[in-house]
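Order of the sequence lines fixes the chain letters, A, B, ..., with proteins taken first and strands second; residue numbering starts at 1 for each chain. Because only heavy atoms are used, hydrogens play no part in the values below, and waters and symmetry mates are left out as well, while side chains stay in. Everything numeric here is computed off the predicted structure, so don't read it as measured data.
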Amino acid sequence: MTPARSTFALRDMVSEAVIALTARPARTILTALGTVLGVAALVATLGLANTAGNQIVGRFNELEATSVAVTPQRNTGFGGRDGQSVSFIPWDAGDRLERLNGVVAAGTKSDVDINGALSRSVPVVDPTGLNEFQVPMIAVSPGLFEAARSEIIGRAFDEGHNLRSDPVAVLGRGAAERLNVTRIDNSPAIFIGDQAVTVIGIMSDTAREPDLLNAIVVPDGYARERWALNAPAEVVVETEVGAAELIGTQAAVALAPNAPEQLRVTKPPSPRRIRTSVQDDVNALFLALGGLSLLVGAIGIANVTLVSVLERTGEIGLRQALGATRRHVAAQFLFESAALGAFAGLLGTSLGILITVIVSASRDWTPVLEAWLPLSAPFIGAAIGLLAGTYPAWKASATEPIQALRNG
Amino acid sequence: MTAVVELEGVERTFDGTPPVEALKATNVVVNQGDYVAIVGPSGSGKSTLLHLLGLLDSPTAGTYRLDGVDTQGISEAEKAGLRATRIGFVFQSFHLLATRTTVENVALGELYVAGSKADRKARAVEALTRVGLGHRLDAYPTTLSGGERQRVAVARALAASPALLLADEPTGNLDSVTTASILDLFDELHQSGLTVMMITHDRNVAARADRQLNINDGVVTEEAMERA
Ligand SMILES: Nc1ncnc2c1ncn2[C@@H]1O[C@H](COP(=O)(O)OP(=O)(O)O)[C@@H](O)[C@H]1O
Ligand SMILES: [Mg+2]
């Protein structure tokens with residue numbers, strides 16, 4: 001006849017661990033503290049890096065990530081007068097770029113030198129000069145309005161106006177106010193020096209190139225003919241999302257196939273690169289801190305569990321007398337430290353999420369947290385507890401029942 | 001009569017220079033329902049014998065059959081199984097867990113035996129009632145008197161319905177009045193058919209048993225008892 005082996009059911013292990021941990025709550029919490037802080041630091045770090053990374057991407061996505069600008073390099077010395085730049089930008093730059101795959105819209109834009117001419121919306125020159133203002137003039141190709149995402153009341157000028165050098169203008173909101181042009185249904189005329197132009201639209205807003213709002217915006221053709229504009233100063237391009245990088249490398253060649261180096265292309269920094277560099281910086285530092293506190297936390301659990309094993313020698317002896325094997329004793333202490341670790345992981349995760357949310361709120365960020373993180377943190381905590389409990393559990397299992405029962 | 005304990009030439013020698021022969025070749029048979037006192041001066045080998053009987057230690061020679069099972073060469077888990085189901089321990093210093101109620105302490109007696117928590121609790125309540133503590137189920141050990149604590153320990157030993165109750169100086173920490181009440185309890189248990197082996201250095205306590213083993217320098221001799 002072989003006797004029945006003794007057993008230690010899982011649910012009994014769970015309830016023994018819970019009883020042991022709740023018997024001394026203050027001690028349990030203090031023991032868990034290091035691990036709580038470590039897990040909190042890890043979760044908050046990853047959460048904040050995630051959140052910050054997403055914010056940066058979000059901000060660049062909208063406008064800057066789709067902006068490309070082309071300007072001539074500063075004067076190389078040849079052919080220019082008085083430090084004036086030599087432009088290699090052709091008049092049809094907007095059309096050329098719009099042919100590239102990935103360009104939504106493109107247009108040229110140049111400040112026009114009007115020699116200090118004053119502008120007015122009344123035909124008669126008032127000797128007091130009260131109705132005359134210095135308003136800058138900007139020449140654009142028709143495509144620019146779309147490239148700058150301008151909103152126009154009335155209408156914008158088209159390629160026909162441009163080719164015919166028609167004296168038409170779109171007034172920026174600010175310019176319209178100064179010149180006291182409030183309606184365009186009657187096709188008001190304004191005078192720039194002695195030149196009359198017809199206002200066909202008012203720009204109420206624009207996403208790019210805000211200086212348009214304070215200017216008299218005229219077609220390139222008109223500026224060339226009446227104001228001696230010799231070449232476009234800049235091309236403004238709106239690309240499709242994600243295409244800016246590519247367009248940036250193609251634009252110069254498309255505009256000046258023989259001298260692309262004479263053009264300077266400004267493109268947004270790659271959003272992906274920003275995201276990783278920010279994340280890497282933040283992550284490296286705080287992950288190291290989190291890892292360190294986890295280590296300290298694990299040592300804390302190991303330490304207190306070891307002390308508790310020594311304090312509970314009598315209990316261990318008793319359990320052996322009641323039928324516990326060495327394995328049962330080891331399992332009990334391992335289970336206790338793992339449960340403590342899991343509890344610490346849970347608490348730390350909550351704390352980490354709280355920190356992420358609070359910091360995000362203080363910066364008007366939308367907190368972003370990948371789901372695997374909070375879900376896995378209790379398991380990470382349990383693993384730490386298990387690891388920390390290994391030595392104490394082994395120590396406990398090595399207890400000699402006779403010695404243990406003798407004292408206490 | 002069925003034998004609960006059969007010792008044949010059981011010895012226990014502790015390693016050392018010189019080695020200590022704590023228990024010399026011992027032949028003892030304890031039948032079911034026996035009430036045996038083990039008496040001897042300090043250092044004579046009483047605890048050594050009790051640890052062997054309780055399977056907390058193994059003999060260096062001889063065979064020990066507990067409840068018909070030869071305990072030589074069985075696994076640690078099987079020995080632990082015998083401790084869990086066949087043996088109930090009562091210690092001089094009670095060994096109650098201070099953070100658990102009486103009923104929880106008693107239920108620990110069956111923790112390492114397969115069974116449900118509810119059944120354990122029911123049997124713990126039953127055992128506590130049997131030792132006269134049915135009214136202190138939810139008390140903590142620190143609020144109990146020494147005699148009550150030892151009753152809780154006895155109830156814990158009874159929880160798993162063992163074949164053998166082993167008590168090591170159960171009255172060593174108690175005053176004379178309380179000692180008498182614990183011995184009364186042992187008498188009751190004995191009368192209900194339980195096999196009891198009790199270590200004591202007190203001859204008056206030993207006189208309550210119906211068999212007495214004397215130990216001197218590791219040699220066990222049976223005292224001829226006058227039967228009433
Ligand atoms: N683990 C041990 N190692 C060496 N000697 C021991 C050990 N345990 C007990 N002894 C010795 O065995 C003898 C019997 O001890 P013990 O059974 O505890 O006596 P008692 O319980 O009758 O006072 C004593 O001489 C004691 O010193
Ligand atoms: Mg002793």
Side-chain angles (χ1 to χ4, degrees), chain A residues 1-28 308-333 335-336 394 396-408, chain B residues 14 47-48 50-52 54-57 65-71 73-101 104-117 120 140 153 156-157 159-160 162 166 168:
Chain A
M1 167 188 165
T2 40
R5 298 155 151 266
S6 68
T7 61
F8 192 16
L10 186 65
R11 61 180 144 70
D12 292 326
M13 272 189 236
V14 174
S15 75
E16 287 296 303
V18 170
I19 291 170
L21 292 176
T22 51
R24 307 178 70 170
R27 178 188 197 148
T28 298
S308 130
V309 165
L310 297 178
E311 280 175 355
R312 287 157 69 186
T313 306
E315 177 190 330
I316 296 168
L318 170 75
R319 286 173 182 275
Q320 289 172 318
L322 294 178
T325 61
R326 294 189 188 280
R327 270 165 201 244
H328 294 156
V329 172
Q332 182 192 341
F333 282 94
F335 213 92
E336 255 182 62
W394 173 80
S397 74
T399 301
E400 280 303 327
I402 297 169
Q403 252 77 40
L405 288 166
R406 186 163 295 156
N407 29 33
Chain B
F14 292 105
S47 292
T48 301
L50 191 96
H51 294 148
L52 290 174
L55 295 173
L56 294 170
D57 193 11
R65 270 191 299 282
L66 171 67
D67 214 20
V69 180
D70 187 349
T71 62
I74 63 172
S75 69
E76 202 217 337
E78 287 166 339
K79 265 190 196 176
L82 285 177
R83 288 200 298 272
T85 56
R86 310 280 70 201
I87 298 170
F89 286 95
V90 176
F91 308 99
Q92 179 174 352
S93 52
F94 321 135
H95 282 295
L96 299 177
L97 301 188
T99 57
R100 312 216 184 176
T101 62
E104 285 167 347
N105 264 289
V106 174
L108 275 181
E110 273 198 296
L111 181 61
Y112 300 96
V113 182
S116 81
K117 219 178 161 115
R120 282 183 202 145
Y140 284 89
R156 180 180 63 200
L166 289 177
D168 191 352

*For A/E315, check salt bridge (charged side-chain N to carboxylate O under 4.0 Å, His left out) against everything at least two apart and list the hits.*
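Salt bridge (charged side-chain N to carboxylate O under 4.0 Å, His left out) list for A/E315, sorted by chain: A/R312, A/R319.
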_Pairing residues for B/R65 by the salt bridge (charged side-chain N to carboxylate O under 4.0 Å, His left out) criterion, not counting sequence neighbours_ =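 B/R65 satisfies salt bridge (charged side-chain N to carboxylate O under 4.0 Å, His left out) with B/E6, B/E8 only.
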*Side chain / backbone / both / neither for B/T71 at chain A, heavy atoms under 4.5 Å*: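 Nothing of B/T71, per the 4.5 Å heavy-atom cut-off to chain A.
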*Name the region of B/L97, side chain, backbone, both or neither, that has any atom closer than 4.5 Å to a heavy atom of chain A.*
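Contact with chain A involves the side chain of B/L97 alone.
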Which atom names give the shortest non-hydrogen contact between [X] and [Y], and what distance separates them?
X: A/S6; Y: B/A84; result: CB-CB, 4.3 Å
X: B/K117; Y: A/S15; result: NZ-OG, 3.1 Å
X: A/R5; Y: B/S75; result: NH2-OG, 4.2 Å
X: B/A114; Y: A/T7; result: N-OG1, 3.3 Å
X: A/T325; Y: B/A80; result: CG2-CB, 3.5 Å
X: A/I402; Y: B/L56; result: CD1-O, 3.8 Å

*asked:* At a heavy-atom distance under 4.5 Å, which candidate from A/E400, A/E16, A/R11 has the highest pair count against chain B?
replied: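 When all of A/E400, A/E16, A/R11 are compared, A/E16 has the most.
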*asked:* Within the 4.5 Å heavy-atom criterion, are A/L405 and B/D168 side-chain neighbours or not?
replied: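 No - every pair of side-chain heavy atoms lies 4.5 Å or more apart.
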*B/L111 versus A/Q332: any side-chain heavy-atom pair under 4.5 Å?*
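SC-SC contact between B/L111 and A/Q332 ruled out.
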*Name the option with the most non-hydrogen atom pairs under 4.5 Å to chain A; the candidates are B/L82, B/L96, B/L55.*
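The answer is B/L82.
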*Determine the option with the most heavy-atom pairs under 4.5 angstrom with chain A, choosing from B/E110, B/R156, B/K79, B/E104.*
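Ranked by heavy-atom pairs under 4.5 Å with chain A, first place is B/R156.
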*Can you tell me how far CG of A/L322 sits from NE2 of B/H95, rounded to the nearest 0.5 angstrom?*
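With rounding to 0.5 Å, NE2 (B/H95) is 10.5 Å from CG (A/L322).
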*Pick one of side chain, backbone, both or neither for A/R24, based on which atoms fall under 4.5 Å of a heavy atom in chain B.*
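Neither part.
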_So for A/A321, is it side chain, backbone, both, or neither that comes closer than 4.5 Å to the heavy atoms of chain B?_
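Both parts, backbone and side chain.
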*Near A/R327 CZ, under 6.0 Å, is it more than 12 heavy atoms from other residues, nucleotides or ligands?*
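Check fails, neighbour count at 12 or below.
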